[in-house]
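Side chains are part of it too, since the values below use all heavy atoms of this structure and drop only hydrogens, waters and symmetry mates. Values in this document were obtained by computation on a predicted structure and should not be read as measured data.
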Amino acid sequence: MKIDMVRTGWALLAAWLLGFALFRTFPGIDLGVTALFYKPGNGFPEISNALWEFLRQRIWDVSIVLFLVALVAWPVAAFRKRKTLGLPARVWAFVSLLYLVAPILIVNGVLKANSGRARPANVDLFGGSHQFTLAGTFTDQCTRNCSFVSGEVAAAVALAVVIWLAVEIWRRALPLWGVRYIRAVGVLLALFIILQRVGTGRHFLSDAYFAGLVTLTTAWLLWGVIFAGWGAALGRRLRRES
């Protein structure tokens, strides 16, 4: 699978800059989208949708299982120096590190633990008692498991990335319609989680946007190191300079 790493990098940078410019200059984007799902006196009724909750939990379960399988398959494939479950060690390394770095370390370990941004349902504009704060502003309106950014969206986007990778690996065994169908499913899974988290008042749109960017940027960096040879190139350069 060939990726234009330079063009992709510039696109990600543009997405980061555009996102901060829009969500911090026009906070009405976050508030307006959340207001679409808020019913005065009734909060966010979509949170009680049993089907939404069932699908959300199953997607979350798939991510957990995939991460655990990758954690085991990676060292096994590396030690045996052969494919495990049909995939080489570096693919399992990519999957393991994608989940470990983006949703677990950056999103849940750093941002959600320290941002202090109150969730939409806890903001005074939507029936709560806390103040609304701009995306990217670290504040004191939440003490733990805060709104900025969404861990589940980060994991769902990671799942979508893995689905795209899997399709590329087995591309020759799939018809063209199968490739497009599976990729569409991956994208729709991520979009559904975004809709579910925003629609139930658990996250602002910006929380989902930046969660997705954290995962995509992490995937880009990991791809460069594992598949595009960035690590080897850096090692050769350091050896020449030493």
Side-chain angles (χ1 to χ4, degrees), residues 8 12 15-16 19 23 33 44 46-47 49 51-74 85 87 90-115 117 119-121 135-136 142 144-169 182-223 225-226:
T8 302
L12 287 169
W16 278 103
F23 286 110
V33 171
F44 294 89
E46 286 80 4
I47 200 169
N49 188 311
L51 178 60
W52 281 34
E53 183 63 20
F54 175 82
L55 292 175
R56 170 210 168 201
Q57 291 294 342
R58 299 297 76 76
I59 294 171
W60 183 245
D61 290 342
V62 170
S63 283
I64 292 175
V65 171
L66 179 59
F67 174 57
L68 294 177
V69 169
L71 278 181
V72 175
W74 175 16
L85 300 178
L87 298 174
R90 64 177 185 167
V91 172
W92 290 120
F94 176 84
V95 175
S96 299
L97 292 173
L98 180 60
Y99 277 102
L100 182 62
V101 174
I104 296 176
L105 293 181
I106 297 177
V107 172
N108 284 288
V110 177
L111 295 177
K112 288 179 69 67
N114 298 288
S115 67
R117 190 188 201 192
R119 294 179 183 271
C142 169
R144 58 182 297 273
N145 195 25
C146 302
S147 188
F148 188 83
V149 291
S150 172
E152 290 189 43
V153 170
V157 173
L159 178 59
V161 169
V162 173
I163 289 174
W164 272 66
L165 175 59
V167 168
E168 192 62 32
I169 291 173
I182 296 173
R183 283 180 170 175
V185 169
V187 173
L188 288 174
L189 289 177
L191 291 177
F192 168 76
I193 292 298
I194 292 173
L195 177 62
Q196 198 277 341
R197 303 316 283 157
V198 174
T200 55
R202 303 302 295 162
H203 286 285
F204 290 105
L205 179 62
S206 58
D207 298 326
Y209 179 88
F210 288 114
L213 272 183
V214 166
T215 298
L216 291 175
T217 303
T218 301
W220 175 73
L221 289 170
L222 289 173
W223 190 275
V225 172
I226 296 174

Any non-hydrogen side-chain atom of [X] less than 4.5 Å from a side-chain atom of [Y]?
X      : Y      : answer
Leu165 : Trp223 : yes
Val225 : Leu221 : no
Leu189 : Ile163 : yes
Tyr209 : Val149 : no

Could you measure the distance from the [atom1] atom of [X] to the [atom2] atom of [Y]? Nearest 0.5 Å is fine.
X      : Y      : atom1 : atom2 : value
Cys146 : Asn108 : SG    : CG    : 11.0 Å
Ile59  : Ile64  : CD1   : CD1   : 12.5 Å
Phe210 : Phe23  : CZ    : CZ    : 6.0 Å
Thr8   : Trp220 : OG1   : CH2   : 8.5 Å

Donor-acceptor pair, distance only, cut-off 3.5 Å: does the side chain of Ser150 make one with the backbone of Ala208?
no

Let's go through Phe54 and Asn49 carefully: what are the C-alpha distance in whole Å and the side-chain angles of both, what is the deciding distance for side-chain contact (heavy atoms from CB on, under 4.5 Å) to 0.1 Å, and is it a yes or a no?
CA-CA 9 Å; Phe54 175 82; Asn49 188 311; over 6 Å; no

Validation: residues 96-107 side-chain donor-acceptor distances under 3.5 Å, sequence neighbours left out:
| residue | atom | partner | partner atom | Å |
| --- | --- | --- | --- | --- |
| Ser96 | OG | Ala70 | O | 3.1 |
| Ser96 | OG | Leu71 | N | 3.4 |
| Ser96 | OG | Trp92 | O | 2.9 |
| Tyr99 | OH | Ser63 | OG | 3.3 |
| Tyr99 | OH | Leu159 | N | 3.4 |

Can you sort out the partners of [X] under ring-ring contact (aromatic ring centres under 6.0 Å, His included), two or more places apart, ordered by chain and number?
X     : answer
Phe44 : Tyr38
Trp74 : none
Trp60 : none

Among residues at least two apart in sequence or on other chains, which ones pass side-chain hydrogen bond (donor to acceptor under 3.5 Å, both in side chains) with [X]?
X      : result
Ser206 : Asp30, Arg117
Ser115 : none
Glu152 : Arg56
Arg58  : Asp61

Donor-acceptor list for residues 190-202 side chains, cut-off 3.5 Å, not counting sequence neighbours:
| residue | atom | partner | partner atom | Å |
| --- | --- | --- | --- | --- |
| Thr200 | OG1 | Gln196 | O | 2.6 |

Where Ala135 and Phe148 come nearest, the two heavy atoms and their spacing
CB-CE1, 4.0 Å

Does anything in [range] form a salt bridge (Lys or Arg N to Asp or Glu O under 4.0 Å)? List the pairs, not counting sequence neighbours.
range            : value
residues 96-112  : none
residues 153-163 : none
residues 100-110 : none

Using side-chain contact (heavy atoms from CB on, under 4.5 Å), reason through Leu216 and Val157 one step at a time and then give a plain yes or no.
CA-CA 8 Å; Leu216 291 175; Val157 173; 3.9 Å; yes

Take Val161 and Phe94 through the test side-chain contact (heavy atoms from CB on, under 4.5 Å) and record every step on the way to the result.
CA-CA 10 Å; Val161 169; Phe94 176 84; 4.1 Å; yes

